[in-house]
Colleague: 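Below are the structure tokens for one structure; questions will follow.
Here is how names work: the chains are called A, B, and so on, in the same order as the sequence lines, proteins then strands, and each is numbered from 1.
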Protein chains: 2
Amino acid sequence: MTDRKKKILAVALELFANDGFSATSTKKIAKEANVSEGLIFRHFENKKGLLNALVQQAIARISVILIPILNEKNPKEVIQKTVELPFNIDKSEYPFWKLQFKLKWENDYESNEKMQPLLDHLAWAFTTLGYPEPEKEATILNHIIESISIGILRDGVHSQESLKTFLIEKYNTPTK
Amino acid sequence: MTDRKKKILAVALELFANDGFSATSTKKIAKEANVSEGLIFRHFENKKGLLNALVQQAIARISVILIPILNEKNPKEVIQKTVELPFNIDKSEYPFWKLQFKLKWENDYESNEKMQPLLDHLAWAFTTLGYPEPEKEATILNHIIESISIGILRDGVHSQESLKTFLIEKYNTPTK
DNA sequence: TATATTAGCAAGTGATTACTCACTCTTATG
DNA sequence: CATAAGAGTGAGTAATCACTTGCTAATATA
């Protein structure tokens, strides 16, 4: 992949995440990437194709991020690492995650299958730890980290920081 | 408020919620509302003004929805009613809530102050029930119902239904 | 009833949109 | 070295965008 093509993808990611897909013109992308507008269409056929390329990148990236959790064999560690997930997002990755969460509201876009392996592994962890309703427990934890992620992306890590140890301790002292 | 003005608001709510603000043209709104395009600008000055009118409606509507919870003096009932909140959303109100959640990603839009009274009342409830960290407990529950709401709006109530009783029971058997 | 104000429409406006086209420059390969 | 294919450009294009204007119809108020 050529440098200019990579630049187009990087700029498009940033603008789509911040301003939205429809609100971002191909002209603006070209300008900010220091590239002729026509080049976008040479590489990606149309505007939607540019978005699709970003989505493909995202699918690959997310599965990489999940690897260390899915390989974890200690159930308590699985839960802890899951809780820590949103707090470990680097600021440089904010546009990436912002776009992911925004795309969830697009009608045609299948979103949550990417996180299904995590959900399954969480259910296994809760089962191993003897929770009476492991699937529901996994779903709730997934909901929590989703909403925390959203909070972090909008207001920064500090806005949610205190929840990290709170949640870790909570899941270390299970209900009777 | 005239019938046509109400119709414009209703159609705009639906289209903004489903397709997004930028992706919805004033021409389409006018067509779907059986109204001339110019009438939109007569009533709301510009497209952004139309959105602002919807936001104003939303602020009023949300505070009405929260009244029964904020007036509840039984802390356990406060928590239960909060958990039930997302499950009681009528299908006719989906566009309303969809738009709310979408707007959270708009950079200039202050979103979460509307829910602050609920957060405060939840913290009071958890304090009364003797939870060691009531504010954090309130924040977590708020996160849970937000994420559940999102799930319901995207995939319907049935996709989250089983979590309702699970959560209610969970909050009735507190940790030691 | 006279008049002023609001509601509503049809037909525009210039600006912006996604996208195309004809062309040149670069690079790899036989 | 010749040639073909891909990278890159700049000036277009028709369509659509948010918005305006000049007008009439309805409604309220005096």
Colleague: For a 4.5 angstrom cut-off between non-hydrogen side-chain atoms, does Asp120(B) reach Leu70(B)?
Modeller: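 The answer is no, as the side chains (C-beta and beyond) never meet within the 4.5 Å cut-off.
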Colleague: Polar atom pairs between nucleotides 23-29 of chain C and protein, under 3.5 Å, N or O only, would you list them?
Modeller:
none

Colleague: Just so I know, are the side chains of Leu51(B) and Leu103(B) near enough to count as touching, which here means a heavy-atom distance under 4.5 Å?
Modeller: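 In short, these two side chains touch, coming nearer than 4.5 Å.
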Colleague: Side chains of residues 12-31 of chain B: which donor-acceptor partners sit under 3.5 Å, not counting sequence neighbours?
Modeller:
{"unit_1": "Asn18(B)", "atom_1": "OD1", "unit_2": "Lys98(B)", "atom_2": "NZ", "d": "3.3"}
{"unit_1": "Asn18(B)", "atom_1": "ND2", "unit_2": "Glu14(B)", "atom_2": "O", "d": "3.4"}
{"unit_1": "Asp19(B)", "atom_1": "OD2", "unit_2": "Lys28(B)", "atom_2": "NZ", "d": "3.3"}
{"unit_1": "Thr24(B)", "atom_1": "OG1", "unit_2": "Leu15(B)", "atom_2": "O", "d": "3.3"}
{"unit_1": "Thr24(B)", "atom_1": "OG1", "unit_2": "Gly20(B)", "atom_2": "O", "d": "2.7"}
{"unit_1": "Ser25(B)", "atom_1": "OG", "unit_2": "Lys28(B)", "atom_2": "N", "d": "3.1"}
{"unit_1": "Thr26(B)", "atom_1": "OG1", "unit_2": "Glu37(B)", "atom_2": "OE2", "d": "2.7"}

Colleague: Name all residues meeting the side chain to side chain donor-acceptor pair (under 3.5 Å) criterion together with Asn34(A); count only those two or more places apart in sequence or in a different chain, and write none if there are none.
Modeller: none
Colleague: Can you tell me how far apart CD1 (Ile144(B)) and OG1 (Thr139(B)) are? Round to the nearest 0.5 Å.
Modeller: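 Ile144(B) CD1 to Thr139(B) OG1: 11.0 Å, rounded to 0.5 Å.
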Colleague: Who passes side chain to side chain donor-acceptor pair (under 3.5 Å) against Glu84(A), sequence neighbours left out?
Modeller: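 Checked Glu84(A) against side chain to side chain donor-acceptor pair (under 3.5 Å); matches are Gln80(A).
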Colleague: 5' to 3' on DNA chain D, which nucleotides open and close the contacts with chain B (atom under 4.0 Å from a heavy atom)?
Modeller: dC17(D) to dT20(D)
Colleague: Could you tell me whether a side-chain N or O of Asp90(A) sits under 3.5 Å from a main-chain N or O of Glu93(A), the two making a donor and an acceptor?
Modeller: no
Colleague: In whole angstroms, how far is the C1' atom of dA11(C) from the CD1 atom of Ile40(B)?
Modeller: 16 Å
Colleague: Should the ring pair Trp124(A) and His121(A) be called parallel, tilted or perpendicular, given that the plane angle runs from 0 to 90° and is split at 30 and 60?
Modeller: parallel
Colleague: Could you give the CG-to-C1' distance, from Asn34(B) to dG8(C), as a whole number of Å?
Modeller: 14 Å
Colleague: Is any side-chain heavy atom of Ile62(A) closer than 4.5 Å to a side-chain heavy atom of Trp97(A)?
Modeller: yes
Colleague: Below 3.5 Å is the cut-off: list the nitrogen or oxygen pairs between protein and nucleotides 18-20 of chain C, distance only.
Modeller:
{"unit_1": "dA18(C)", "atom_1": "OP1", "unit_2": "Thr24(A)", "atom_2": "O", "d": "3.4"}
{"unit_1": "dA18(C)", "atom_1": "OP1", "unit_2": "Lys47(A)", "atom_2": "NZ", "d": "2.8"}
{"unit_1": "dA18(C)", "atom_1": "OP2", "unit_2": "Thr26(A)", "atom_2": "N", "d": "3.0"}
{"unit_1": "dA18(C)", "atom_1": "OP2", "unit_2": "Thr26(A)", "atom_2": "OG1", "d": "3.2"}
{"unit_1": "dC19(C)", "atom_1": "OP2", "unit_2": "Lys47(A)", "atom_2": "N", "d": "2.7"}
{"unit_1": "dC19(C)", "atom_1": "N4", "unit_2": "Glu37(A)", "atom_2": "OE1", "d": "3.3"}

Colleague: State, with a plain yes or no, whether a side-chain heavy atom of Leu163(B) is found less than 4.5 Å away from one of Val83(B).
Modeller: no
